[in-house]
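Heads up, the thing below is written out as structure tokens.
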Amino acid sequence: MKIIPLGHSGFRIEIEDQVLLIDPWLSSCPVFPEERRAEAIKGATHVLISHGHFDHCADGFNVAKELDIPAVGIYDHMGFIEEKTGIKTVGFNKGGTVMLGRVAVTMVNAVHSSTYNGDDGPMYAGTESGFMIAGEGHVIYFSGDTDVMMDMELFEDLHHPDIGILCAGGHFTMDMKRAAYAARRFFNFKTVIPCHYNTFPVLEQSAQPMIDAVPNARVIEPEVLIPIEI
């Protein structure tokens with residue numbers, strides 16, 4: 001399995017028979033080299049979308065259209081996008097599981113918001129979510145944008161994820177301290193990959209607080225387009 005960071009909260013995950021792009025932000029992202037876009041999306045089979053904010057979904061739908069592959073996410077949002085743009089989608093909801101080839105993806109709760117900027121103010125874009133991604137004997141918890149929540153205790157009981165990709169930049173999501181608390185309090189991760197940080201100044205710039213606070217797991221600071229092999 002390869003987990004390839006794309007910057008901010010974007011990842012390319014090569015697992016089983018699938019190549020999943022999760023929340024790719026490739027255009028105008030301060031930390032993604034746009035000249036390597038073709039490399040980042042090559043061979044992708046699905047695009048997973050956690051919620052409606054531009055830094056998580058705008059490029060995802062463009063990639064899905066370009067490659068003629070499904071966008072996968074919450075039912076309300078996917079239905080709207082499919083009707084509006086004609087791209088393929090897989091819409092499901094929290095607690096539901098879909099099989100993407102040999103990979104099982106379960107949608108789980110998150111605590112955030114999910115809107116577009118419309119002419120008359122924010123527009124509803126379904127609700128925010130995270131994903132449990134199971135394959136090759138591993139379960140990856142992709143938190144999406146969220147704060148710490150007691151639901152995470154249930155996630156551990158039900159899914160036993162060994163890899164956590166956790167938002168940790170603060171301001172818009174939990175920060176390094178809160179994400180580290182979640183990792184220690186609720187999960188038994190072997191590997192933790194912080195994300196949604198060090199993209200622009202308002203976010204936390206270093207993962208060192210998490211590294212110090214989660215000694216029982218391998219905390220990997222993601223480097224754009226450098227594969228993490230599990």
Side-chain angles (χ1 to χ4, degrees), residues 1-16 20 22-23 25 30-32 48 50 55-56 103-112 128-230:
M1 180 197 305
K2 290 183 181 179
I3 300 174
I4 302 173
L6 302 179
H8 196 54
S9 284
F11 289 86
R12 173 188 172 99
I13 300 181
E14 300 176 6
I15 179 172
E16 295 283 3
L20 309 178
I22 305 181
D23 286 359
W25 181 21
V31 295
F32 181 80
L48 275 61
S50 69
D55 54 329
H56 295 262
V103 180
V105 177
T106 302
M107 184 180 292
V108 297
N109 196 31
V111 178
H112 192 58
E128 60 279 9
S129 64
F131 300 107
M132 293 288 176
I133 302 166
E136 297 190 27
H138 297 279
V139 179
I140 302 166
Y141 170 42
F142 178 80
S143 72
D145 282 7
T146 191
D147 189 17
V148 184
M149 52 184 173
M150 289 302 297
D151 300 50
M152 292 174 173
E153 184 172 356
L154 301 178
F155 298 168
E156 171 63 25
D157 288 347
L158 289 167
H159 297 279
H160 310 295
D162 58 305
I163 302 165
I165 300 177
L166 305 180
C167 61
H171 196 82
F172 300 107
T173 72
M174 55 188 176
D175 59 14
M176 289 290 170
K177 181 179 178 180
R178 296 170 79 87
Y181 172 86
R184 293 194 317 270
R185 169 69 172 80
F186 297 114
F187 296 104
N188 293 303
F189 294 130
K190 294 180 180 178
T191 303
V192 177
I193 304 168
C195 67
H196 209 284
Y197 78 101
N198 198 27
T199 312
F200 30 78
V202 74
L203 302 181
E204 291 209 28
Q205 301 299 300
S206 172
Q208 195 60 48
M210 179 181 284
I211 295 170
D212 295 340
V214 188
N216 294 328
R218 180 175 60 144
V219 178
I220 300 176
E221 297 184 81
E223 298 180 61
V224 175
L225 291 168
I226 302 298
I228 299 167
E229 298 199 31
I230 306 294

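Keep in mind that the numbers below use all heavy atoms, side chains included, and drop hydrogens, waters and symmetry copies.
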| Step-by-step side chain to side chain contact (heavy atoms under 4.5 Å, CB included) determination, Asp145 to Asp23 | CA-CA 11 Å; Asp145 282 7; Asp23 286 359; 5.8 Å; no
Is there a donor-acceptor pair closer than 3.5 Å between any side-chain N or O of [X] and the backbone N or O of [Y]?
{"X": "Glu153", "Y": "Phe187", "value": "no"}
{"X": "Thr146", "Y": "Val111", "value": "yes"}
{"X": "Glu136", "Y": "Met1", "value": "yes"}

From [X] atom [atom1] to [Y] atom [atom2], the distance as rounded to the nearest 0.5 Å:
{"X": "Ile4", "Y": "Arg12", "atom1": "CD1", "atom2": "CZ", "value": "5.5 Å"}
{"X": "Leu6", "Y": "Ile22", "atom1": "CG", "atom2": "CD1", "value": "9.5 Å"}
{"X": "Leu203", "Y": "Cys195", "atom1": "CG", "atom2": "SG", "value": "10.5 Å"}
{"X": "Met210", "Y": "Arg184", "atom1": "CE", "atom2": "CZ", "value": "10.0 Å"}
{"X": "His196", "Y": "Ser143", "atom1": "NE2", "atom2": "OG", "value": "9.0 Å"}

Please report the shortest heavy-atom distance between [X] and [Y], naming the atom on each side.
{"X": "Val108", "Y": "Tyr141", "value": "CG2-CE1, 4.0 Å"}
{"X": "Phe11", "Y": "Pro5", "value": "CD2-CA, 3.7 Å"}
{"X": "Ala207", "Y": "Pro194", "value": "CB-CG, 3.9 Å"}
{"X": "Pro30", "Y": "Phe200", "value": "CG-CD2, 4.5 Å"}

| said: Checking Met107 against Phe131 for the side chain to side chain contact (heavy atoms under 4.5 Å, CB included) test, could you report, in this order, the C-alpha distance in whole Å, the side-chain angles of both residues, the deciding distance, and whether it holds? | reply: CA-CA 5 Å; Met107 184 180 292; Phe131 300 107; 4.1 Å; yes
| field | For Asp151, side-chain contact (heavy atoms from CB on, under 4.5 Å) partners two or more places apart | value | Asn109, Met149, Phe155
Donor-acceptor pairs under 3.5 Å, side chain of residues 218-230 to any protein atom, not counting sequence neighbours: which ones?
none

Please list every donor-acceptor pair under 3.5 Å in which a side-chain atom of residues 158-171 meets a protein atom from a residue at least two apart or in another chain.
from: His160; atom 1: ND1; to: Glu156; atom 2: O; distance (Å): 2.9
from: His160; atom 1: NE2; to: Asp157; atom 2: O; distance (Å): 3.2
from: Asp162; atom 1: OD1; to: Val139; atom 2: N; distance (Å): 2.8
from: Asp162; atom 1: OD2; to: His138; atom 2: ND1; distance (Å): 2.6

Output side-chain donor-acceptor pairs under 3.5 Å for residues 175-183, partner residues at least two apart or in another chain, one line each.
from: Asp175; atom 1: OD1; to: Lys177; atom 2: N; distance (Å): 3.2
from: Asp175; atom 1: OD1; to: Arg178; atom 2: N; distance (Å): 2.9
from: Arg178; atom 1: NE; to: Asp147; atom 2: OD1; distance (Å): 2.9
from: Arg178; atom 1: NH2; to: Asp147; atom 2: OD1; distance (Å): 3.2
from: Arg178; atom 1: NH2; to: Asp147; atom 2: OD2; distance (Å): 2.9

| remark: Residue set satisfying salt bridge (charged side-chain N to carboxylate O under 4.0 Å, His left out) with Glu128, at least two apart, ordered chain then number -> none
| note | The single option from Ile133, Val103, Leu48 that satisfies side chain to side chain contact (heavy atoms under 4.5 Å, CB included) with Ile13 is Ile133
| request: Show your working on side chain to side chain contact (heavy atoms under 4.5 Å, CB included) between Arg185 and Met150 and close with a plain yes or no. | output: CA-CA 10 Å; Arg185 169 69 172 80; Met150 289 302 297; 4.0 Å; yes
| said: Could you work out, with side chain to side chain donor-acceptor pair (under 3.5 Å) as the rule, every residue matching Thr199, not counting sequence neighbours? | reply: His8
